[in-house]
Amino acid sequence: MRNSTADVIVVGAGVIGSAVALELARLGMTTIVVDRTGGAGHGSTSASSAIVRFNYSTWDGVATAWESKHCWEKWAEHLQFRDSAGLAAFRRTGMMMIDAPAAPRERIMPLFEAVGIPYEELDAAALRDRVPGIDTGRYWPPKPLSSEDFFADATTEVGALFTPDAGYVDDPQLAAHNLAVAADHLGARFRYNAAVVAVERHRDRVSGVLLADGTRVQAPVVVNAAGPWSGALNRLAGVGAEFTVHVRPMRQEVHQVQAPHGYNGAGSLGPAVADLDLGVYFRPGSGDRLYIGGTEPECDPLEWLDDPDLANPNVTVERFQAQVVRAARRLPDLTVPNAPAGIAGVYDVASDWTPIYDRTDLGGYYVAMGTSGNQFKNAPLAGRFLALLVDRVEAGHDHDRDPLQYRCEHTGHEINLAAFSRKRPVNNNSTGTVMG
Ligand SMILES: Cc1cc2nc3c(=O)[nH]c(=O)nc-3n(C[C@H](O)[C@H](O)[C@H](O)COP(=O)(O)OP(=O)(O)OC[C@H]3O[C@@H](n4cnc5c(N)ncnc54)[C@H](O)[C@@H]3O)c2cc1C
């Protein structure tokens, strides 16, 4: 690749970097996106369960997810460009948030009320009516399979908080591709198989990046959208000393099994379920499949990584058993196959499981990182937040002193970007899990 220049370099063509590129291109900024893989969405985005839900621990987090849902619902309109590879689709299944002390419904309902998100409170009988075959036993706290208590009978029952508008996006990698080609259509350039090995500075500002093949890309603005590699990129840039929130990569597995008979109705899908009572989440998928992930129950070891590239790319028997057997407690008709099937991926976990969308103390260097296994759904807004930040901060606005507010196109809400600041007080209301 020849040396080149642009207004902005985005490092990472995942769903976040591609969304950022689209919004920067819409502002008329010449944008180059570099990614070390061979295409858009080939990083952690490709492993995403892509669930669109609204229960976060802060008003701004909930409002961001609610606004983003409207973007997914009107995806063609959001993109304003039709990808010849097809469009990712939002499937509205509704979501059951099973009662659990780690995320009490009393904490989330006021946020839903304030943001205007429809919900229903279900007791155990109503939950059984809505989800065919569900076991409404209360098993809290989650236990390892090796524990004698794992198969102990439930003593009481759980209900759930139901949000009818939740669902999932059927192809997360295609969603990133959709954003990338829409950005490309507006003039953004994507350079694949292009690994950043150095972030360059001129005086107190960033000035560009150096690629592994020796070429230089120069720009006065660089956006770190490197997913689980974001911490490593910050280290290359010498950025991070002022951050109160830190990131660390964590390996995860999502398993795929046949959905139990009757879970999906004729022509309709069963709901997504977040079950902190047992330590799993699951959602339906095409071909009558059920995707099962974990919610970091305290009884399980967490797979922290020093380097995301060292993550075992294969699903393991232990994790498969742990997650699928837990799901089978909730759905007793679920068959647990002998051979594990699914996908391994890596989260970019922030100290409080809340993302960082911000400028940094290095002039011109911005971050869209720390997405903590829960920001696929918010990519449309992450793109808009970063475009607002770059546009206004480069024009001289002091975002640290006077945080920018984002006015939502669909819901009219105003989101305070201080909620995603690198220097925020760590969010103590977070569940400390992927739920945020
Ligand atoms: C298993 C799993 C399940 C998930 N489930 C959900 C869910 O249900 N709902 C939800 O909302 N979110 C979910 N998430 C989270 C969501 O998928 C992520 O937050 C999102 O995909 C992150 O996108 P990204 O663009 O930041 O990162 P990535 O997709 O990882 O993109 C970063 C890109 O940067 C590139 N890169 C890194 N370093 C360099 C470098 N030095 N030079 C060049 N390129 C570089 C990488 O190649 C990569 O393509 C899940 C994540 C995982 C892993």
Side-chain angles (χ1 to χ4, degrees), residues 9-21 33-54 56 64-65 68-69 72 95 166-169 172-173 175-176 179-180 190-199 209-212 217 222-237 247 249-255 272 274 281-283 291-295 307-309 311 315 319 342-350 353 355-357 367-380 382-383 386 434-436:
I9 299 163
V10 178
V11 183
V15 73
I16 301 285
S18 300
V20 171
V33 184
V34 291
D35 198 294
R36 58 187 208 151
T37 69
H42 287 199
S44 65
T45 296
S46 62
S48 188
S49 302
I51 293 176
V52 177
R53 60 169 173 88
F54 318 113
Y56 284 90
T64 300
S68 294
K69 188 264 325 191
W72 292 112
M95 172 151 157
Y168 69 93
V169 174
Q173 189 171 314
L179 289 160
F190 285 73
R191 303 279 184 250
Y192 295 117
N193 304 306
V196 172
V197 293
V199 178
V209 299
L210 178 68
L211 302 179
V217 188
V222 172
V223 178
N224 177 353
W229 298 267
S230 67
L233 193 74
N234 277 0
R235 285 191 289 280
L236 285 181
V247 296
M250 180 193 281
R251 184 179 175 280
Q252 289 289 334
E253 294 183 16
V254 177
H255 303 115
Y281 70 81
F282 43 90
R283 70 147 171 94
Y291 289 65
I292 304 171
T295 59
D307 177 353
D309 291 333
V315 293
R319 288 292 285 261
I343 197 162
V346 181
Y347 292 169
D348 184 29
V349 178
W353 296 78
I356 311 171
Y357 300 128
V367 291
M369 58 185 280
T371 60
S372 303
N374 60 41
Q375 292 294 300
F376 173 86
K377 66 183 75 56
N378 291 339
L386 264 292
V434 69
M435 303 311 287

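Counting starts at 1 for both ligands and their atoms, following the listed order.
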Numbering as shown, the atoms of ligand 1 that approach A47 to under 4.0 Å (heavy-atom distance) = 1 (C), 2 (C), 3 (C)
Would you mind listing which atoms of ligand 1 come within a distance below 4.0 Å of any non-hydrogen atom of V346?
-> 53 (C)
Counting heavy atoms only, name the option from G373, A198, A344 that's nearest to atom 14 (N) of ligand 1.
-> G373
Nearest non-hydrogen contact to atom 30 (O) of ligand 1 from the set G436, S230, A382, S44 belongs to S44
Per atom 40 (C) of ligand 1, closest listed option by heavy atom (D309, V10, V196) | V196
With heavy atoms of V254 as the reference, note each atom of ligand 1 found under 4.0 Å away.
-> 1 (C)
Where is the nearest protein heavy atom to atom 31 (O) of ligand 1: which residue, which atom, and how far?
-> G14 CA, 3.4 Å
List the closest protein heavy-atom neighbour of atom 29 (O) of ligand 1: residue, atom name, distance to the nearest 0.1 Å.
-> T45 OG1, 2.5 Å
What part of I16, side chain from CB on, backbone N/CA/C/O, both or neither, has a heavy atom under 4.0 Å from ligand 1?
-> both
Hey, which atoms in ligand 1 end up nearer than 4.0 Å to a heavy atom of N374?
-> 10 (C), 11 (O), 12 (N), 15 (C)
If you compare S49, G41, S18, A226 by their heavy atoms, the one closest to atom 5 (N) of ligand 1 turns out to be S49
Between V11 and ligand 1, is there a nitrogen or oxygen pair with a distance under 3.5 Å?
-> no
Part of L236 within contact of ligand 1 (heavy atoms, under 4.0 Å) = neither
A13 N/O to ligand 1 N/O under 3.5 Å = no
Identify, with sequence neighbours excluded, every residue that meets side chain to side chain contact (heavy atoms under 4.5 Å, CB included) alongside T45.
-> V15, P172, A176, F376
Shortest protein contact, atom 11 (O) of ligand 1 (heavy atom only) | K377 NZ, 2.6 Å
Would you indicate which of Y192, F376, Y291, Y281 comes nearest to atom 16 (C) of ligand 1 when only heavy atoms are counted?
-> F376
Report yes if some N/O of V15 lies less than 3.5 Å from some N/O of ligand 1; otherwise report no.
-> yes
A195 to ligand 1: N or O pair under 3.5 Å?
-> no
Check each of H42, M250, R36 against atom 39 (C) of ligand 1 and report the one with the nearest heavy atom.
-> R36
Output the list of atoms in ligand 1 that are nearer than 4.0 Å to some heavy atom of T37, sorted by atom number.
-> 47 (O)
Within reach of ligand 1, part of W229 (heavy-atom separation under 4.0 Å) | side chain
For ligand 1, is any non-hydrogen atom under 4.0 Å from S372's backbone (N, CA, C, O), its side chain (CB onward), both, or neither?
-> neither
Protein contact of atom 9 (N) of ligand 1 - nearest heavy atom, named by residue and atom, plus distance | I51 O, 3.1 Å
Where the closest heavy atom to atom 17 (O) of ligand 1 is concerned, which of A175, S48, A379, A19 has it?
-> S48
In ligand 1, the atoms that come under 4.0 Å of a heavy atom of G227 are 26 (O), 27 (O), 30 (O), 32 (C)
Protein contact of atom 52 (C) of ligand 1 - nearest heavy atom, named by residue and atom, plus distance | Y347 CE2, 3.3 Å
Heavy-atom distance to atom 22 (C) of ligand 1: which of D35, T371, V434, L211 wins?
-> T371
Is the backbone of N374 close enough, under 3.5 Å, to the side chain of Y56 for a donor and an acceptor to pair up by distance?
-> yes
Region of S46 that comes within reach of ligand 1 [heavy atoms, distance under 4.0 Å] = neither
Could you tell me which non-hydrogen atom of R283 sits nearest to which non-hydrogen atom of V169, and how far apart they are?
-> NH2-O, 4.3 Å
Report the residues that fulfil side chain to side chain contact (heavy atoms under 4.5 Å, CB included) with A311, sequence neighbours left out, ordered by chain and then residue number.
-> R251, L305, V346
shortest atom 34 (O) of ligand 1-to-protein heavy-atom contact is with G12 CA, 3.2 Å
